[in-house]
Amino acid sequence: MAAGIAPGGQLTTTTYVENFPGFVEPILGYELTDKFRQHSARYGTQILTETVTNVDLLVHDTFKPPGLYRGLPSRSMEDTDLGAPKPLAHAEEVQRPRRPFKLWTPSRCITADTIIIATGASARRLSFPGSGDESEGGFWNRGISACAICDGTSPLIRNKPVAVVGGGDSAMEEAMFLTRYASKVYIVHRFDYLEASKAMARRALANPKIEIKWCSQVVEAHGNDQGNLGSITIARSPVDAHKSAPVGLSGTVPPPPPSALIRERLDVGGLFFAIGHRPATDFLQGQLDLDEYGYIVTVPGSTVTSVPGVFAAGDVMDRSFRQAITAAGRGCMAALEAERFLHALHAAADVIGAATEQRQNGQGVAAKGSSAGEMAAAAEV
């Protein structure tokens, strides 16, 4: 387990995946990840099923491969130019050998010249009776989910009422998506105003299938005869709170005491948490640049991070789409960029080795017909 999720990531926690290209019939999430693993192993990948607990991404040398492979402009990097690199004045300015990255698991230390971080993100979940896994007597993946796009088309909720917890843009998007399949969508929000943008809030309020339960929170989930989610209990303020503040503005109603809360039971076939995700970046311990939400920052249109040789792919750097197919596409980008980085690194080592040999033979740094700048350019190719 890493960040509370088994190998394979969030797909292992969902039921049927219906939007991954090439699979005409729905496939279970864990079966899809097993196929990913088998496909990788078929071509010689060595897979270590262990949890990385610590990393060392510090590289003590002056060599920076060309262009994007220098990494992002970073608070710790003086050179913030992402264009063509400046040629080296002398080949000996590059310190060799390059210090490799290190990763630790409970049983070993692994070194690498390049790393792709694809640790993903986990959905934030609420905790109340019935919200846990089946082993805990809850209905997670049996009606309760954190991905409307993944699970919103399930037969469990088609033509049935569903509920979405949240008040931001993501909650509005998921609620409007669910109106395509559900008979009714409740938005359960703890405030008397929406935190979403005004445009998104107006679209949700104008949708006849959507009803907002203001100043409310889910306190319990209940099952049906089939053992799936059948209803939820919400607790709300007795005040008609949604009239107290315009949409998008701060609320004015103080929270009532617990004894004043009114409980209401809603028959729903699905409950979706839309309260954000938590990227699995804690183990990096500040060695890569992160955004305000904890996601790894990359060069736009690339997987390059703030440390040359370290790349990021999937949900750990993407807080917009969070789909299996977009994560797979980013993984392909990261693999190609890592390969090009290694080629640049090895080419530089070959040129520097040749320059060292020539210097030792008394022939000087520059090869016949070549300047030091041309040699540096060769290393960068």
| Parallel, tilted or perpendicular: ring planes of Phe273 versus Trp140, cut at 30 and 60 degrees | parallel

| request: Output yes when a side-chain donor or acceptor of Thr119 lies under 3.5 Å from a complementary backbone atom of Ala280, and no otherwise. | output: yes

| query | Is any side-chain heavy atom of Ile116 closer than 4.5 Å to a side-chain heavy atom of Glu337? | reply | no

| Joint hydrophobic cluster, Met317 plus Phe101, side-chain heavy atoms closer than 4.5 Å | yes

| said: Using a 3.5 Å distance criterion without hydrogens, assess whether the side chain of Arg142 forms a donor-acceptor pair with backbone atoms of Gly227. | reply: yes

| said: Taking Phe191 as the starting point, is it possible to reach Val218 by hopping between hydrophobic residues whose side chains are less than 4.5 Å apart? | reply: no

| message | Any heavy-atom pair between the side chains of Arg322 and Gln10 that's under 4.5 Å? | response | no

| request: Run the ring-centre check on Tyr295 versus Tyr293 and record whether the distance is less than 6.0 Å. | output: no

| Does any N or O in the side chain of Ser216 come within less than 3.5 Å of the main-chain N or O of Trp214, such that one atom is a donor and the other an acceptor? | yes

| query | Donor-acceptor pair, Lys209 side chain versus Ala182 backbone, under 3.5 Å? | reply | yes

| request: Take atom NZ of Lys102 as the centre, draw a 6.0 Å sphere, and report whether it contains more than 12 heavy atoms from other residues, nucleotides or ligands. | output: no

| Phe321 backbone acceptor or donor facing Gln323 side chain under 3.5 Å | yes

| Is the distance between the ring centroids of Phe177 and Phe272 under 6.0 Å? | no

| message | Counting C-beta onward and ignoring hydrogens, is there a side-chain heavy-atom pair between Gln287 and Val310 closer than 4.5 Å? | response | no

| said: Filter on side-chain hydrogen bond (donor to acceptor under 3.5 Å, both in side chains), then keep only pairs touching residues 156-181, sequence neighbours left out; what's left? | reply: Asp169-Ser197

| message | Would you say CZ of Arg190 has more than 12 non-hydrogen atoms from neighbouring residues, nucleotides or ligands within 6.0 angstrom? | response | no

| Sidechain-backbone polar pair: Thr53 side chain, Trp104 backbone, donor-acceptor under 3.5 Å | yes

| said: Check this for me: does any side-chain nitrogen of one of Arg263 and Glu220 sit under 4.0 Å from a carboxylate oxygen of the other? | reply: no

